[in-house]
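Shown next, in structure tokens, is the structure this report addresses.
All values below come from the heavy atoms of this structure, side chains included, with hydrogens, waters and symmetry mates left out. When a ligand or atom number is given, it counts from 1 through the structure's own listing order.
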Amino acid sequence: MKLLSEIQARFKPALESLVDGAEQVDSLLGMIKPTQDDKFGDYQVNCAMALGKKLGKPPRDIAAGLLEKTALDDICENVEFAGPGFINITFKDSWVTEQLSLANQDDKLGVEQVKEPRTVVIDLSSPNVAKPMHVGHIRSTVIGDALANIHRFIGHRVITDNHLGDWGTQFGMIIYGYKNFVDRAAYEKNPVQELSRLYRYVRVLMDYHSAVKKLPEAEDLKRKQLDAVERVQAEDYGDNKGKLKQQKKDLQRLKEKLVVQDELIKSYKSAVEECDPEVAEVAKQHAGIGQRVLEETANLHSGGNENKALWDEFLPYCLEDIQRIYDRLNIKFDHILGESYYQNQLEGIVKELTENGLATESDGAMCVFLDGFEAPMIIRKKDGAFLYPTTDLATIKHRVEEWQADSMLYVVDHRQHDHFDKLFAASKLWGYKDVEMTHVSFGTVMGDDGKPFKTRAGDTVGLEGLLDEAESRALQVAKEQNPNLEDSRQQEIGRVVGLGALKYADLSQNRTSDYKFSYDKMLALRGNTATYLQYANARVHGILRKLDTDKEKLKASGNAVLFTEKVERQLAIQLLRFDEVIYDVLVEYKPNLLCNYLFDLAQLFARFFDQCSVRDADTDAIQKSRLQLCGLTSRTLTCGLGLLGIESLERI
Ligand code: ARG
């Protein structure tokens with residue numbers, strides 16, 4: 001299935017004769033795009049303008065020259081010049097239907113396989129275990145999984161690796177909690193739940209102390225901010241417009257700061273004042289808890305037997321806890337190599353970097369100073385502790401040496417961009433020059449109020465609760481849509497539609513922006529939602545069943561597609577663009593482009609179905625052709641959803 005790649009291949013020699021270098025040619029080929037409106041044909045070649053400027057010639061002459069050197073007759077019906085130098089291309093119907101039959105025969109719907117497969121390591125999910133997984137973790141998990149599926153689909157060798165945070169302070173917290181507050185009976189009955197309670201309990205105690213300490217500092221700062229407001233307000237600038245404008249701006253800025261400060265004070269106050277009196281009493285008894293937790297962590301890291309034994313005991317429980325979520329989301333990893341895996345290599349890494357002069361001592365710490373960054377990357381603290389970047393350096397070495405990675409994608413929150421910029425820069429200096437490293441960053445999940453998504457009580461939203469809620473709401477939708485269906489079927493629909501909606505809600509957003517989470521929106525039967533796509537797909541299956549056929553039979557039949565109505569041709573072109581979209585997703589790692597494509601496809605199918613009767617088609621050949629379009633639409637929807645990690649249903 002290759003519309004765009006075919007035209008690009010045709011124009012390539014002509015472009016190569018005009019400019020030097022593969023990069024320039026590729027950038028010009030990138031200017032070949034599908035038309036916005038099919039009255040301008042199917043595709044538009046837009047590079048004549050850029051070339052005209054570059055070569056100092058009228059774009060129309062360039063366009064004419066390009067066409068002269070490009071053979072299109074066998075595939076194009078019509079080639080027209082438009083405007084200052086656009087070339088509008090319309091494919092021959094016979095060529096389109098021929099491409100469609102090729103796609104039909106192919107299990108991968110004609111999507112081309114890469115000529116030079118690469119080993120792509122995808123770092124995804126990577127939660128800090130021993131803390132409950134929350135809503136933020138869903139983004140890395142589902143975006144990473146979709147990117148892995150898509151890379152694999154076109155023939156790359158993919159290795160997914162869940163780089164668990166399994167060695168951090170959170171273990172110091174549960175070890176401290178376990179030593180001081182464990183409820184034995186509860187632990188024996190349900191260790192995961194008890195460990196998670198201990199984590200939260202220690203968190204509350206630590207927050208209490210940090211709030212007690214920070215509250216007076218925060219109030220002091222607020223007083224200073226209020227003074228500053230007064231000072232700015234007191235200035236009298238008469239009618240000096242410039243100064244008055246500046247004064248207004250300054251006030252605005254200061255007031256914004258005050259709002260943030262007030263929020264902070266409120267949160268400290270509530271940690272102290274709204275703390276359960278019993279808990280507050282315990283907190284007072286554990287005054288040094290913050291320091292003690294750090295000590296427990298340090299003890300674990302330096303090989304303290306007791307803490308290491310506890311860690312060995314706890315870790316499987318923590319893993320079991322997150323595995324339950326991965327099972328529900330149907331996410332599998334090739335490797336789960338957490339931070340702990342690399343601990344015995346860190347000393348060697350620091351030594352190597354010191355010996356080759358990359359790391360130098362500063363204030364007792366070992367640092368890598370990098371051009372273009374204000375602060376260095378610290379790889380060993382003064383007290384001897386290794387840090388997050390040290391482990392990441394060891395991870396890179398492992399991925400290159402053991403797995404021969406050509407490219408590594410880190411699907412991680414945008415707030416870590418400074419860490420990755422430094423990590424990548426340091427790795428290049430270290431010698432890993434030929435490995436492509438990309439931080440596939442993403443924004444925050446927001447609630448309806450436009451603030452980071454929290455529960456009513458102000459906690460981060462747990463992932464498990466989110467999955468439960470999505471499933472139960474989808475079940476309600478399923479019951480409304482089809483009240484007579486047996487219960488177990490409705491449950492199954494609720495599960496598939498609910499989880500699919502949740503994943504899609506995330507994937508259909510431009511990953512770099514924050515997005516507002518809404519159950520209602522994601523489960524809506526209209527609009528760009530998985531629910532809409534699921535119902536559209538099930539509808540196609542329904543048509544096929546009524547006419548006593550299915551996708552496999554249609555694939556095997558090899559029946560030709562004919563165009564009797566305009567919309568049939570439009571649907572065919574959209575189906576054939578699947579290949580182009582798959583490759584587009586990987587340019588900037590944006591699965592939302594695939595979502596948009598599937599949504600357009602489903603909408604176009606709805607139009608086709610409205611305008612072209614399948615059951616009462618005029619002739620047998622037309623009916624067969626329309627069935628073929630139905631089969632291909634459903635296969636494309638199912639395949640596309642599958643690449644996004646979303647199951648589809650034949651009946652809803
Ligand atoms: N565990 C980290 C966190 O929750 C994310 C790890 C991302 N991957 C990595 N190789 N640094 O913030």
Side-chain angles (χ1 to χ4, degrees), residues 120-145 147-148 158-174 196 199 203 297 301 311 315 318-319 321-323 325-326 331 333-343 345-346 349 368 377-379 386-403 405 407-428 430 432 435-445 452-453 460-463 511 589:
V120 182
V121 174
I122 304 190
D123 184 307
L124 76 166
S125 200
S126 311
N128 293 333
V129 296
K131 300 181 190 183
M133 271 172 98
H134 61 77
V135 59
H137 293 119
I138 193 154
R139 296 211 82 179
S140 169
T141 313
V142 303
I143 296 171
D145 185 53
L147 293 177
V158 173
I159 301 178
T160 55
D161 185 13
N162 186 351
H163 186 74
L164 293 181
D166 58 359
W167 199 241
T169 334
Q170 74 274 28
F171 279 96
M173 288 165 73
I174 49 174
S196 163
Y199 170 79
R203 171 89 274 156
T297 316
H301 289 175
W311 183 87
L315 191 66
C318 301
L319 296 183
D321 194 38
I322 56 173
Q323 191 55 45
I325 293 186
Y326 293 135
I331 305 269
F333 304 99
D334 296 313
H335 297 276
I336 303 185
L337 295 184
E339 293 176 8
S340 64
Y341 178 81
Y342 298 98
Q343 290 316 304
Q345 300 167 27
L346 302 186
I349 301 270
V368 179
M377 182 166 97
I378 306 177
I379 55 174
F386 300 111
L387 291 120
Y388 184 52
T390 331
T391 317
D392 258 329
L393 287 169
T395 310
I396 289 177
K397 189 179 170 79
H398 180 85
R399 289 173 179 169
V400 177
E401 287 173 9
E402 301 296 317
W403 299 340
S407 159
M408 294 182 214
L409 305 182
Y410 291 82
V411 189
V412 185
D413 190 330
H414 68 106
R415 282 171 301 190
Q416 295 198 21
H417 92 98
D418 190 54
H419 163 69
F420 285 110
D421 285 350
K422 284 182 184 161
L423 179 68
F424 299 162
S427 310
K428 303 259 160 217
W430 192 17
Y432 297 109
V435 194
E436 203 182 306
M437 299 181 206
T438 314
H439 177 197
V440 179
S441 69
F442 51 81
T444 311
V445 183
F453 192 33
T460 40
V461 177
L463 200 45
R511 65 172 166 80
Y589 308 112

query: Taking the side chain from Ser126 and the backbone from Leu124, do they hold a donor-acceptor pair closer than 3.5 Å?
result: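 Flag set: sc Ser126 to bb Leu124 pair under 3.5 Å.
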
query: Any donor and acceptor pair, going by atom type alone, linking the side chain of Lys397 with main-chain N or O of Glu402 inside 3.5 Å?
result: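 Side chain of Lys397 to backbone of Glu402: no pair is present.
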
message: List the residues meeting ring pair (Phe, Tyr, Trp, His ring centres under 6.0 Å) with Tyr326, not counting sequence neighbours, and say none if there are none.
response: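 Listed in chain order: Phe333.
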
message: Can you tell me if Thr395 contacts ligand 1 (heavy atom of the residue under 4.0 Å from the ligand)?
response: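 No, that is not the case, since the closest heavy atom of the residue is not under 4.0 Å from the ligand.
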
- request: Would you kindly specify which portion of Phe420 sits under 4.0 Å from ligand 1, judged on non-hydrogen atoms: side chain, backbone, both or neither?
  value: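 For Phe420, only side-chain atoms sit under 4.0 Å from ligand 1.
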
query: Just heavy atoms, cut-off under 4.0 Å: does Asp392 contact ligand 1 by side chain, backbone, both, or neither?
result: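 It is the side chain that touches ligand 1; the backbone stays farther off.
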
- request: Mind listing the closest non-hydrogen atom pair of Ser125 and Thr141 along with its distance?
  value: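 Of all heavy-atom pairs spanning Ser125 and Thr141, the closest is OG-OG1, 2.9 Å.
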
query: Is any side-chain heavy atom of Leu423 less than 4.5 Å from a side-chain heavy atom of His439?
result: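 They are not in side-chain contact.
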
- prompt: Would a 4.5 Å heavy-atom cut-off, applied to side chains only, mark Leu337 and Tyr342 as touching?
  reply: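 A side-chain contact exists here, since the closest heavy-atom pair is under 4.5 Å.
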
Could you tell me whether some N/O pair between [X] and ligand 1 is separated by less than 3.5 angstrom?
X      : result
Gln416 : yes
Asp123 : yes
Tyr410 : no

task: Check whether the ring centres of Phe424 and Tyr410 lie less than 6.0 Å apart, and answer yes or no.
output: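 Yes - the distance between ring centres of Phe424 and Tyr410 falls below the 6.0 Å cut-off.
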
[X] heavy atoms, cut-off 4.0 Å: which ligand 1 atoms fall inside?
X      : value
Tyr388 : 2 (C), 5 (C), 6 (C), 7 (C), 9 (C), 11 (N)
Asn128 : 1 (N), 2 (C), 3 (C), 4 (O)
His163 : 8 (N), 9 (C), 10 (N)

task: Note the single closest protein heavy atom to atom 2 (C) of ligand 1, along with its residue, its atom name and the distance in Å.
output: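 It is Ser126 O, 3.6 Å.
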
